[in-house]
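Reading through the structure tokens given below for one structure.
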Amino acid sequence: MLRQYVRQFRQGLVRKWPLEPREESESGRAPLSTLDLVTLGVCRTLGAGVYVLIGVITLLIAGPAIVICFLVVALSSVLSELCYAEFWSYVPRSGSVYLCSVVAMGNLGAFIIGWNVLLYLVAAASCVTRAWSYAFDSLIGNHISKALERTFSPHMPSFLAPYPDFISLGLVLLMTGLLVLGARVTTLIIKVSTGLNLFVPIFMILSGFIKGDLHNWQLTEQDYKSNTSGSSSTFRSGGSSWVGPLGSGGFVPFGFEGIVQGAAILFTSYFGVFGVVTAAKEAPNPQRSISLSLLVSIFIGFLAYSGVSAALTLMVPYYRIYPYSPLPQAFLQVGWGPAGYVVALVLLCTLLYSFLCAMLSMFQLARAMAADGLLFRALAQIHTRTGTPIMAILASGTLTGLTATLLRILDLVKLMSAGILPAYTLVAVSILVLRYQPDQILSKREKTKEGNEISDHEASLSEPVPEAGPLRILKSLWFPTSTTPNQISGQIVYGCASLLVLLLSILSLILAQWPRRVFSGDPGLTTVAVLLLLLITGVTVIIWRQPQDPTYLTFRVPALPVLPLVSIFVNIYLMMQITSGTWILFGIWMAIGSVIYIGYEIRHRLAGNKHQQPSASTTQTPD
């Protein structure tokens with residue numbers, strides 16, 4: 001009895017949801033061109049919250065080299081988004097990354113990805129409210145932050161913010177109340193916010209050309225002493241004067257470590273570009289449109305973010321940048337006071353829109369997971385009068401209010417990366433495995449007239465394969481027994497992918513902890529790194545030799561298995577740059593989610609209940 005229960009529980013963890021494709025007539029949309037997808041990607045990529053993060057990263061982590069940070073993030077985002085594009089193509093309907101994981105990976109993978117995305121959304125909403133609070137405070141001379149810091153700073157623990165941000169809490173409560181009453185993001189709001197988001201980088205870049213000074217990228221210790229004379233050498237968050245560390249001066253004051261740490265924190269800058277992938281179902285040629293629109297959207301986002309960063313560091317020495325409201329304060333420092341107030345007002349408006357979008361995505365995702373039995377069922381209930389999931393909205397608002405009030409903005413940004421990087425890594429691993437599996441066909445993708453042929457193909461792939469002995473498996477590593485995936489080749493790829501993740505994690509740890517010793521020729525570490533590279537190459541070749549499933553997919557990642565492996569390595573390496581304190585918070589979050597999910601799974605099994613088919617809300621859930 002116990003064995004049967006354990007087997008049913010294990011099957012429930014990995015069971016996938018079968019979804020039927022929608023008819024083309026259900027879409028009701030005109031085909032989207034590549035230009036349409038690029039426009040959507042740019043609108044989803046440019047966010048006002050990043051312009052606040054630029055100040056923190058520039059002052060404390062990267063200096064003017066934040067421009068390079070955005071380049072690293074852009075390149076890694078291209079790899080991750082291409083993997084997600086193929087991951088999405090396994091699902092017959094357009095939808096969120098959570099829906100894709102439910103269909104392609106089963107309950108356990110869906111929970112991990114969904115719970116991680118929830119963490120990202122909570123941290124993103126909290127970060128945006130913090131940024132809104134700082135922008136508002138800068139308009140009135142930072143009087144609120146000064147008063148709160150004097151009152152609470154001596155009594156706050158070191159791992160929390162210097163003072164509780166009651167402005168952020170009030171904003172969260174207000175917006176939560178509006179969402180409970182049924183507030184929506186209208187087309188007018190989207191157009192106005194998009195226009196304002198475009199105004200900020202254009203105006204900032206032009207200002208940098210006019211008021212910028214190239215000497216600010218060549219600062220020395222003498223410049224630091226002359227510019228900071230009479231100021232405290234320690235940064236003060238609420239003071240009227242602030243001074244950050246000098247580092248080594250120049251364009252890269254904090255070295256290569258600062259660049260990779262900044263890139264790890266800024267990884268979420270291009271997360272919104274996934275909207276290109278989910279909308280590309282309407283494109284006449286998805287394989288070409290997805291690749292081109294992703295590249296162009298991320299390139300435009302890189303130009304905007306790096307252009308604003310370059311203008312900011314040219315206008316103001318990097319160690320004199322105000323971290324929490326950098327753009328308005330930069331205009332005040334160069335004598336353009338009215339421009340600073342205009343930019344602050346624009347940021348206030350766009351940050352409200354960003355917060356509203358994050359909250360909408362958060363409670364909709366929570367509701368979808370609850371409807372599928374992965375969270376509390378009460379979160380999926382819709383109030384009859386307002387037509388909104390009140391419990392999901394209240395839970396999202398409460399969690400966001402607590403984190404926004406108590407945590408530093410830099411800690412919130414690190415939590416965002418800690419939530420997204422593992423999710424994207426899991427997606428890349430899934431792509432590495434799914435292409436080589438015999439049973440990956442999740443739905444009918446071909447036209448109706450070809451339906452019978454696909455059914456026959458599925459039946460042939462699903463036929464049982466006799467278990468193989470060790471010698472046959474070893475021979476299959478290099479000489480596969482079939483030109484199409486079978487049980488043996490699928491198991492080989494599973495094992496090799498797991499081994500590659502382990503090897504890449506060890507290599508990333510060595511490169512993150514002892515980079516100089518490895519590249520300087522340290523006998524021990526260099527030997528270990530070379531051996532790891534040889535093993536990784538050998539295992540990659542074994543995967544490459546295995547047959548791939550020829551089933552038609554809307555989009556296929558090029559250069560398989562190399563591209564997903566590079567994406568996995570880059571993501572893991574960036575994860576190694578996140579501080580241990582952030583990973584402790586991430587571990588607590590995952591432990592709480594695991595207890596909730598496993599507890600509900602056990603309860604459903606004991607009660608004899610079966611999971612229902614995914615609700616309609618799941619298919620519409622944004623990330």
Side-chain angles (χ1 to χ4, degrees), residues 10 13-14 16 76 79-80 82-87 89-90 101 104-106 108-109 112-113 421-442 461-462 464-511 528-551 553 556-573 575-576:
R10 184 179 58 189
L13 292 178
V14 298
K16 302 173 183 178
S76 61
L79 300 177
S80 296
L82 289 176
C83 291
Y84 173 58
E86 179 171 333
F87 187 63
S89 66
Y90 286 100
S101 60
M105 300 172 61
L108 181 59
I112 294 174
I113 288 183
L421 282 169
Y424 269 139
T425 303
L426 189 57
V427 168
V429 174
S430 300
I431 294 305
L432 192 62
V433 172
L434 285 173
R435 187 86 74 85
Y436 297 93
Q437 298 308 307
D439 58 347
Q440 62 163 318
I441 304 176
L442 304 173
L461 291 181
S462 60
V465 177
E467 293 188 4
L471 292 179
R472 185 178 179 184
I473 293 178
L474 289 176
K475 185 179 179 181
S476 299
L477 295 178
W478 191 258
F479 300 104
T481 58
S482 174
T483 57
T484 57
N486 53 38
Q487 184 179 358
I488 296 175
S489 64
Q491 291 175 350
I492 290 174
V493 174
Y494 264 123
C496 290
S498 303
L499 180 59
L500 281 174
V501 172
L502 176 62
L503 295 175
L504 290 172
S505 299
I506 297 174
L507 179 61
S508 300
L509 179 63
I510 293 175
L511 294 178
V528 172
V530 171
L531 289 176
L532 287 172
L533 287 174
L534 292 175
L535 287 173
I536 291 170
T537 303
V539 177
T540 303
V541 172
I542 292 175
I543 293 180
W544 172 70
R545 292 287 300 171
Q546 303 308 309
Q548 297 183 26
D549 184 35
T551 305
L553 293 175
R556 282 177 174 262
V557 170
L560 195 80
V562 176
L563 191 147
L565 282 178
V566 175
S567 178
I568 294 170
F569 170 71
V570 173
N571 291 346
I572 293 176
Y573 182 71
M575 283 191 281
M576 295 294 178

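Quick note: residue numbers are just sequence positions, from 1.
Judged purely by atom type and a 3.5 angstrom limit, Glu86 has no side-chain atom pairing as donor or acceptor with the backbone of Arg556.
For the residue pair Leu560 and Trp544, the shortest heavy atom distance occurs at O-CD1, 4.4 Å. Taking every heavy atom of both residues into account, Tyr436 and Gln546 meet most closely at CE2-O, 3.4 Å. In terms of heavy atoms, Pro547 sits closest to Pro485 at O-CG, 3.6 Å. Closest approach of Gly490 to Gln437, counting heavy atoms only: O-NE2, 3.3 Å.
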Step-by-step side-chain contact (heavy atoms from CB on, under 4.5 Å) determination, Met575 to Thr425: CA-CA 10 Å; Met575 283 191 281; Thr425 303; 3.6 Å; yes
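A heavy-atom distance below 4.5 Å is not found between the side chains of Val429 and Pro564. Ile543 places a side-chain heavy atom less than 4.5 Å from the side chain of Cys496.
Under the rule for a side-chain contact (heavy atoms from CB on, under 4.5 Å), the partners of Thr540 that lie at least two apart in sequence or sit in another chain are Leu500, Ile536, Pro561, Leu565. When the side-chain contact (heavy atoms from CB on, under 4.5 Å) test is applied to Leu509, the partners found at least two apart in sequence or on another chain are Gln513, Met576. Considering only residues two or more places apart in sequence or on other chains, Val562 meets the side-chain contact (heavy atoms from CB on, under 4.5 Å) condition with Val566. Under the rule for a side-chain hydrogen bond (donor to acceptor under 3.5 Å, both in side chains), the partners of Ser489 that lie at least two apart in sequence or sit in another chain are Asn486. Evaluation of the side-chain contact (heavy atoms from CB on, under 4.5 Å) rule for Ile506 yields Leu502, Ile510, Leu532 as partners, not counting sequence neighbours.
Taken from CZ in Arg435 to CG in Asp549, the straight-line distance is 9.0 Å, to the nearest 0.5 Å. Between atom CD1 of residue Ile572 and atom OG of residue Ser567 there is a gap of 9.5 Å, rounded to the nearest 0.5 Å. Atom-to-atom distance recorded for Leu507:CG and Leu531:CG is 11.0 Å, nearest 0.5 angstrom. The OG atom of Ser76 lies 12.5 Å from the OH atom of Tyr573; values are rounded to the nearest 0.5 Å. Rounding to the nearest 0.5 angstrom, the gap separating the SG atom in Cys83 from the OH atom in Tyr424 is 10.0 Å. The CG atom of Leu563 lies 10.0 Å from the CD1 atom of Ile568; values are rounded to the nearest 0.5 Å.
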